[in-house]
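Everything below concerns the one structure shown next.
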Amino acid sequence: MNGEKTKEAGESKVPVSFIEQIIIDDLREGKNNGRIHTRFPPEPNGYLHIGHAKAICLDFGMAEKYGGRCNLRFDDTNPVKEEVEYIDSIKEDIHWLGFDWDNREYYASDYFGKLFDFAVDLIKKGLAYVDDQPSDIIAEQKGTPTQAGTESPFIRRSVQENLDLFYRMNEGEFEEGSRVLRARIDMSSPNMHMRDPIIYRIIKTPHHRTGNSWNVYPMYDFAHGQCDYFEGITHSLCTLEFEIHRPLYDWFIDQLMTSAYRPRQIEFNRLNLTYTVMSKRRLLELVRDGKVKGWDDPRMPTLCGLRRRGYTPESVRKFIDLIGYTKVEAINDVSLLEHAVREDLNLKAPRVFGVLDPLRVVITNYPADKVEEMEIINNPEDESMGSRMVPFSKEIYIERDDFMENPPHKFFRLAPGSEVRLKGAYIIRCESFKKNPESGIIEEVYCTYDPETKSGKHLSAKKVKGTLHWVSAQHAIDAEVRLYDRLFSHEDPSGQKDRDYREFLNPDSLKVLKNCKLEPSLGSARPYDKFQFQRLGYFCTDPDSTPARPVFNRTVSLRDTWARMVSKKQE
RNA sequence: UGCUCCGUGGUGUAAUUGGCAACACGUCUGACUCUGGAUCAGAAAAGUCCAGGUUCGAGCCCUGGCGGAGCAACCA
């Protein structure tokens with residue numbers, strides 16, 4: 001019965017966000033002639049981070065899903081903060097995520113002429129005036145959220161004088177800060193943004209696209225809605241902090257519109273992630289102060305950082321999908337992001353052997369000059385990925401913590417007298433070991449192997465609890481492996497009153513291992529190639545890698561129940 | 001002492017025009033395994049911020065509280 005009901009509904013019951021619901025309703029009602037047109041409007045003043053990915057997935061995703069279009073529009077109204085170098089990286093990151101804007105690449109600066117004309121128009125209507133006061137006086141007259149503002153003494157300037165002054169502002173006659181153009185709305189509005197907002201200011205810094213053509217530049221509020229209007233945007237999706245700007249957004253379009261069409265601004269919650277910071281200002285500080293190695297440091301929440309860390313675009317999109325869009329300001333757990341990348345890489349990443357902290361094991365009854373090629377499955381999740389040959393010989397490396405002289409209860413790995421399977425090879429038994437009498441460090445472990453237990457031989461009835469990864473000592477390649485931990489030790493580093501977020505920087509967020517031993521097939525890995533180092537985690541070849549010196553980044557570890565058990569016991 | 005928005009398991013999101021609060025992550029348990037980490041199965045966990053009201057019935061509607069966030073850049 002229930003099945004019937006669902007069937008009749010026609011669509012699966014996948015919940016949609018409130019924004020998607022609005023779009024569905026608009027489409028059904030035939031609003032905007034059944035068009036959906038969105039835009040993604042980054043300011044080219046920094047690199048995109050995962051918070052932008054959330055907006056990108058919505059803007060492009062909704063358009064894609066409902067047969068519409070999404071424009072890429074650079075919000076370049078402030079030449080002081082913006083640079084061309086960011087534009088290319090932004091485009092690259094959007095493409096990396098798997099979205100495209102065709103030929104619809106626009107700039108707010110494309111509309112400077114139209115915006116200027118519109119400002120002139122407002123002046124002529126008596127709805128804008130030039131104010132000669134300095135910024136601190138203007139701010140003072142704005143009042144406070146609980147107290148009405150007072151009118152500027154320049155509010156009653158004649159249209160002629162305003163026009164004359166505004167043109168001369170643009171001609172470069174006046175200094176920066178000496179005059180602004182303000183919209184005349186309501187100095188006693190309960191909404192601060194409606195108290196005669198500044199719409200044009202004088203800036204003499206050359207613009208990265210328009211050069212010295214302009215000396216006045218529109219403010220965000222005077223550009224955004226109008227650009228949406230010019231481009232025929234139907235749904236202008238932005239984050240919650242712009243909610244309070246919406247009346248202003250609508251007010252300007254009211255003055256401009258000549259038909260029933262008008263874009264609609266809808267706000268959603270911005271992405272916050274635990275153990276990191278997301279504001280461009282702070283990310284920039286981390287880069288400038290050398291707290292990280294650059295915008296693409298694998299610890300950064302930037303898209304280029306995540307990419308270098310080994311995240312796939314699919315995993316980022318999956319995560320975005322998981323958290324959804326609401327109006328609740330929340331902080332999302334990074335572990336969900338990590339889950340998303342594990343799930344994706346589990347299907348895609350070939351399994352390989354890599355020993356991060358090598359301990360030499362000598363198989364005493366194995367011929368010294370013998371080398372066997374062991375066939376190892378590349379990915380048990382995907383047969384089509386085939387198998388490869390891995391050399392096995394008398395001396396191998398295993399992970400140092402896979403051996404314990406005095407193992408605790410339920411330790412399934414190697415210990416004196418115990419047996420383990422070497423994945424894809426033989427079962428070995430630990431007979432003895434060599435320990436440095438001074439340091440107490442185990443230097444070598446001596447084992448015997450059972451030739452009857454070779455992998456693939458089904459006659460091997462012997463069962464052991466533990467299976468270890470290994471690398472043949474004479475064939476191993478040396479590599480550097482970089483392990484990453486959370487950049488901050490606090491869940492919400494920038495949300496602590498009276499504490500600077502930098503106080504919470506995790507000093508151990510990067511650990512570099514220089515003496516790792518990897519199976520020889522990894523010698524041909526190329527930057528951004530992804531692997532699962534069996535039993536350890538997912539790793540990605542770093543662009544610093546050279547054939548002589550491979551470098552790998554750990555994207556994320558595998559879930560480790562043993563480690564959890566151990567750490568619990570310690571508590 | 002203004003305006004706007006928000007308040008559902010540990011976390012994040014759901015719940016058609018009001019109809020016995022669902023899904024995912026995480027946690028715990030078990031099975032299986034040549035990855036202790038894959039995979040599979042199961043369980044615990046909220047009665048929806050509080051108090052009233054409307055209703056046969058409210059997380060959804062109304063009223064009043066409480067709590068949180070945002071708003072006073074010539075930033076976006």
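Throughout, a chain's letter reflects where its sequence line sits, starting with A, and its residues are numbered from 1. Note that this is a predicted model, so its numbers are computed, not measured.
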On RNA chain B, check which nucleotide each of A:Glu243 and A:Ala425 is closest to and give me the residue with the more 5' one.
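Its nearest nucleotide lies further toward 5', so the answer is A:Glu243.
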Can you tell whether the side chains of A:Glu399 and A:Arg535 come within less than 4.0 Å, N to carboxylate O?
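No, A:Glu399 and A:Arg535 are not salt-bridged.
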Take atom [atom1] of [X] and atom [atom2] of [N], then tell me their distance rounded to the nearest Å.
X: A:Arg195; N: B:C3; atom1: CZ; atom2: P; result: 12 Å
X: A:His339; N: B:C25; atom1: NE2; atom2: C1'; result: 6 Å
X: A:Glu452; N: B:C34; atom1: CD; atom2: P; result: 18 Å
X: A:Asp25; N: B:U16; atom1: CG; atom2: P; result: 13 Å
X: A:Asp401; N: B:U35; atom1: CG; atom2: P; result: 18 Å
X: A:Leu336; N: B:A24; atom1: CG; atom2: P; result: 12 Å
X: A:Glu491; N: B:G26; atom1: CD; atom2: P; result: 16 Å
X: A:Phe392; N: B:C34; atom1: CZ; atom2: C1'; result: 14 Å

Could you tell me which residues satisfy side chain to side chain contact (heavy atoms under 4.5 Å, CB included) with [X], sequence neighbours excluded, listed by chain and number?
X: A:Val420; value: A:Leu414, A:Ile428, A:Leu468
X: A:Pro247; value: A:Asn191, A:Met194
X: A:Cys238; value: A:Phe242, A:Gln265, A:Glu267

Where RNA chain B forms stems, i.e. three or more consecutive Watson-Crick or G-U pairs with both distances under 3.5 Å:
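Correct response: B:2-7 with B:66-71, B:10-13 with B:22-25, B:27-31 with B:39-43, B:49-53 with B:61-65.
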Please name all residues satisfying salt bridge (Lys or Arg N to Asp or Glu O under 4.0 Å) with [X], sequence neighbours left out, ordered by chain then number.
X: A:Arg209; result: A:Asp110
X: A:Lys348; result: A:Glu314, A:Asp344
X: A:Arg282; result: none
X: A:Glu82; result: none

Check residues 333-342 of chain A and write down every donor-acceptor pair under 3.5 Å in which the side-chain atom is one partner and the other belongs to a residue at least two apart or another chain.
| residue | atom | partner | partner atom | Å |
| --- | --- | --- | --- | --- |
| A:Asp333 | OD1 | A:Ser335 | N | 3.1 |
| A:Asp333 | OD1 | A:Ser335 | OG | 3.0 |
| A:Asp333 | OD2 | A:Ser335 | OG | 3.4 |
| A:Glu338 | OE1 | A:Arg486 | NH2 | 3.4 |
| A:Glu338 | OE2 | A:Arg486 | NH2 | 3.1 |
| A:Arg342 | NE | A:Ser557 | O | 2.8 |
| A:Arg342 | NH2 | A:Ser557 | O | 3.1 |

Same-atom distance ([atom1]) from [N] to [M], integer angstrom:
N: B:G37; M: B:C32; atom1: P; answer: 13 Å
N: B:U16; M: B:G7; atom1: P; answer: 14 Å
N: B:G47; M: B:U8; atom1: C1'; answer: 9 Å
N: B:G30; M: B:U55; atom1: C1'; answer: 47 Å
N: B:G42; M: B:C56; atom1: P; answer: 41 Å
N: B:U27; M: B:G67; atom1: P; answer: 35 Å
N: B:C5; M: B:A22; atom1: C1'; answer: 26 Å
N: B:A73; M: B:C61; atom1: P; answer: 35 Å

Under 6.0 Å between ring centres: does that hold for [X] and [Y]?
X: A:Tyr47; Y: A:Tyr86; value: yes
X: A:His245; Y: A:Tyr249; value: no
X: A:Phe539; Y: A:Phe552; value: no
X: A:Phe268; Y: A:Phe18; value: no
X: A:Phe252; Y: A:Tyr229; value: no

Just so I know, are the side chains of A:His52 and A:Phe40 near enough to count as touching, which here means a heavy-atom distance under 4.5 Å?
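A:His52 vs A:Phe40: side chains touch.
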Look at all strands and tell whether A:Phe411 reaches a base, only sugar-phosphate, or nothing, counting heavy atoms closer than 4.0 Å.
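It contacts base atoms.
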Sugar-phosphate, base or nothing in reach of A:Gly424, heavy atoms under 4.0 Å:
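Base contact.
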Quick check on A:Lys465: does its NZ atom have over 12 non-hydrogen neighbours (other residues, nucleotides or ligands) under 6.0 Å away?
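Not buried by this count: 12 neighbours or fewer within 6.0 Å.
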Does OP1 or OP2 of B:G26 have a side-chain N or O of A:Ser335 closer than 4.0 Å?
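No, outside the criterion.
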Side-chain N or O of A:Lys463 closer than 4.0 Å to phosphate OP1/OP2 of B:C34
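Looking at the OP1 and OP2 atoms of B:C34, one of them is under 4.0 Å from a side-chain N or O of A:Lys463.
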Nucleotide-resolved protein contact map, nucleotides 70-76 of chain B, B/S/- at heavy-atom distance under 4.0 Å:
BSB-BBB
Sequence-aligned protein contact record of nucleotides 37-45 of chain B, with B where the base is within under 4.0 Å of a protein heavy atom and S where only the sugar-phosphate is:
BSS------
Would you classify B:G47 as syn or anti? Syn applies when the glycosidic angle is within 90° of 0.
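Classified syn.
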Counting heavy atoms from C-beta on, name the nucleotide in B:G36, B:A14, B:C25 closest to the side chain of A:Phe412.
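For A:Phe412, the side-chain atoms sit closest to B:G36.
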Which residues in residues 316-325 of chain A have at least one heavy atom lying under 4.0 Å from any atom of RNA chain B?
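A:Ile323, A:Tyr325, in order of number.
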